[in-house]
Trainee: 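One structure, pasted below without further comment.
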Amino acid sequence: MMSIIHSRMLAAIRQIPRGKVSTYGAVGRAAGYPRAARQVAVALRKAVEVPWHRVLGAGGEIKTSGHTALDQRLLLQMEGVGFRGRRVDMAKFEFKFAKKRKD
DNA sequence: AGGGTGACGATCA
DNA sequence: ATGATCGCCACCC
C-alpha cells in the first residue's frame, strides 16, 4: 500500500532536476508536510525509480551511511554536483521548489 | 492502545 | 566542528 503522503513526497522528489539537489526538510515542505522530514526519508527508503540520491540532509550533508553514502556521493558527482568537503555546495546546486504564494 | 524507531532538524554546551 | 538532546510524525510491532 502506498500512502498518500508518500506519493506526495515522491512527487516532489521527482521534480528535482538532474544536477540539482534538495533536502529532506525542503521536500517535506514542498509536499505539504513541513514537519515530516523523517517521513521523506522513510518514503525514499521504500520507493523505487526516484532520484533518491538528490535528497540530502540540512546544509547539504549526506545523511545516508555506509555503502549507500558512497553511492550517493558518486551519483551526484556524476551529475556534476560539486562538493565542498563533506557537503554539497548548496548555494550553487540546491533546487528551489516552486512555493505557493498569495501575491 | 502504547511504546519504540528513524536515509531529519534546530539548538546548545 | 562534534556530540548530546529534544521536538516531530508516520510507521511497525
Side-chain angles (χ1 to χ4, degrees):
Chain A
M1 224 349 221
M2 179 69 74
S3 51
I4 180 61
I5 169 172
H6 280 188
S7 296
R8 284 178 61 71
M9 300 291 199
L10 301 183
I13 293 167
R14 278 190 273 262
Q15 293 179 59
I16 307 171
R18 198 160 180 293
K20 288 287 187 176
V21 300
S22 190
T23 65
Y24 299 95
V27 169
R29 288 194 294 276
Y33 296 83
R35 309 305 156 223
R38 305 185 95 132
Q39 277 47 245
V40 176
V42 173
L44 267 185
R45 198 88 170 105
K46 302 188 168 186
V48 291
E49 299 298 293
V50 295
W52 64 272
H53 57 282
R54 299 187 189 137
V55 184
L56 306 164
E61 183 176 24
I62 288 182
K63 300 293 283 187
T64 44
S65 57
H67 132 285
T68 310
L70 299 179
D71 280 354
Q72 182 165 23
R73 178 158 181 146
L74 189 58
L75 285 167
L76 287 174
Q77 294 184 315
M78 246 187 306
E79 295 189 350
V81 174
F83 282 74
R84 199 190 47 172
R86 312 161 63 98
R87 320 188 280 149
V88 163
D89 188 337
M90 297 305 271
K92 295 178 183 166
F93 304 105
E94 178 170 31
F95 170 67
K96 309 292 178 54
F97 286 101
K99 51 182 191 185
K100 14 174 159 179
R101 59 189 67 213
K102 310 179 55 180
D103 276 272

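Numbers restart at 1 for each chain; the letters A, B, ... are given by sequence-line order, proteins then strands. If you're wondering where the values come from, they're calculated on a predicted model, not measured in any experiment. Below, all heavy atoms of this structure are taken into account, side chains as well, without hydrogens, waters or symmetry copies.
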Trainee: As an exercise, state the distance from NZ of A:K20 to CZ of A:R54, rounded to the nearest 0.5 Å.
Mentor: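 Reported to 0.5 Å precision, the distance equals 12.0 Å.
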
Trainee: Between which nucleotides of DNA chain C, 5' to 3', does chain A make heavy-atom contacts below 4.0 Å?
Mentor: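 Going 5' to 3' along DNA chain C, contacts run C:dG7 to C:dC12.
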
Trainee: If I take atom OH in residue A:Y24 and atom P in nucleotide B:dC8, what distance separates them, rounded to the nearest angstrom?
Mentor: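 Result: 6 Å.
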
Trainee: Establish whether A:M78 and A:V55 are linked, either directly or via other cluster members, by ILVMFWY side-chain heavy-atom contacts under 4.5 Å.
Mentor: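 Cluster IDs for A:M78 and A:V55 match.
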
Trainee: Can you tell me how far CZ of A:R8 sits from OG of A:S3, rounded to the nearest 0.5 angstrom?
Mentor: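 One finds 12.0 Å between OG of A:S3 and CZ of A:R8.
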
Trainee: Could you check how far CE of A:M9 sits from P of B:dG6, rounded to whole Å?
Mentor: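 After rounding, the gap between these two atoms is 18 Å.
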
Trainee: If you assign A:R29 and A:W52 each to the DNA chain B nucleotide with the nearest heavy atom, which residue ends up on the more 5' nucleotide?
Mentor: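 Upstream on the strand: A:W52.
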
Trainee: May I have the distance from A:R54 (atom CZ) to B:dA7 (atom C1'), rounded to whole angstrom?
Mentor: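 Those two atoms, CZ and C1', are 17 Å apart.
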
Trainee: Have a look at A:R45 and say if it touches a base, only the backbone sugar-phosphate, or nothing, with a 4.0 Å heavy-atom cut-off.
Mentor: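 Since a base atom lies under 4.0 Å of A:R45, the category is base.
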
Trainee: Find the distance A:L56:CG to B:dC8:P and express it as a whole number of Å.
Mentor: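 Whole-Å distance recorded here is 11 Å.
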
Trainee: If you assign each of A:K46 and A:Q39 to its closest nucleotide in DNA chain C, which residue comes earlier from the 5' end?
Mentor: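 Checking each residue's closest nucleotide, the 5'-ward one belongs to A:Q39.
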
Trainee: To the nearest Å, give me how far apart CG (A:L75) and C1' (B:dA7) are.
Mentor: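 Interatomic distance, CG of A:L75 to C1' of B:dA7: 14 Å.
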
Trainee: Set out, in order, the CA-CA distance, both residues' side-chain angles and the distance that settles side-chain contact (heavy atoms from CB on, under 4.5 Å) for A:F83 and A:R73, then state yes or no.
Mentor: CA-CA 9 Å; A:F83 282 74; A:R73 178 158 181 146; 3.6 Å; yes

Trainee: What's the spacing between A:R18 CZ and A:L76 CG if we round to 0.5 Å?
Mentor: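 So the gap between those two atoms works out to 10.5 Å.
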
Trainee: For the atom pair CD1 (A:I16) and CD (A:E79), what is the distance rounded to the nearest 0.5 Å?
Mentor: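 CD of A:E79 is found 10.0 Å from CD1 of A:I16.
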
Trainee: In whole angstrom, what separates A:L70's CG from B:dA7's P?
Mentor: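 So the CG-P distance, A:L70 to B:dA7, works out to 16 Å.
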
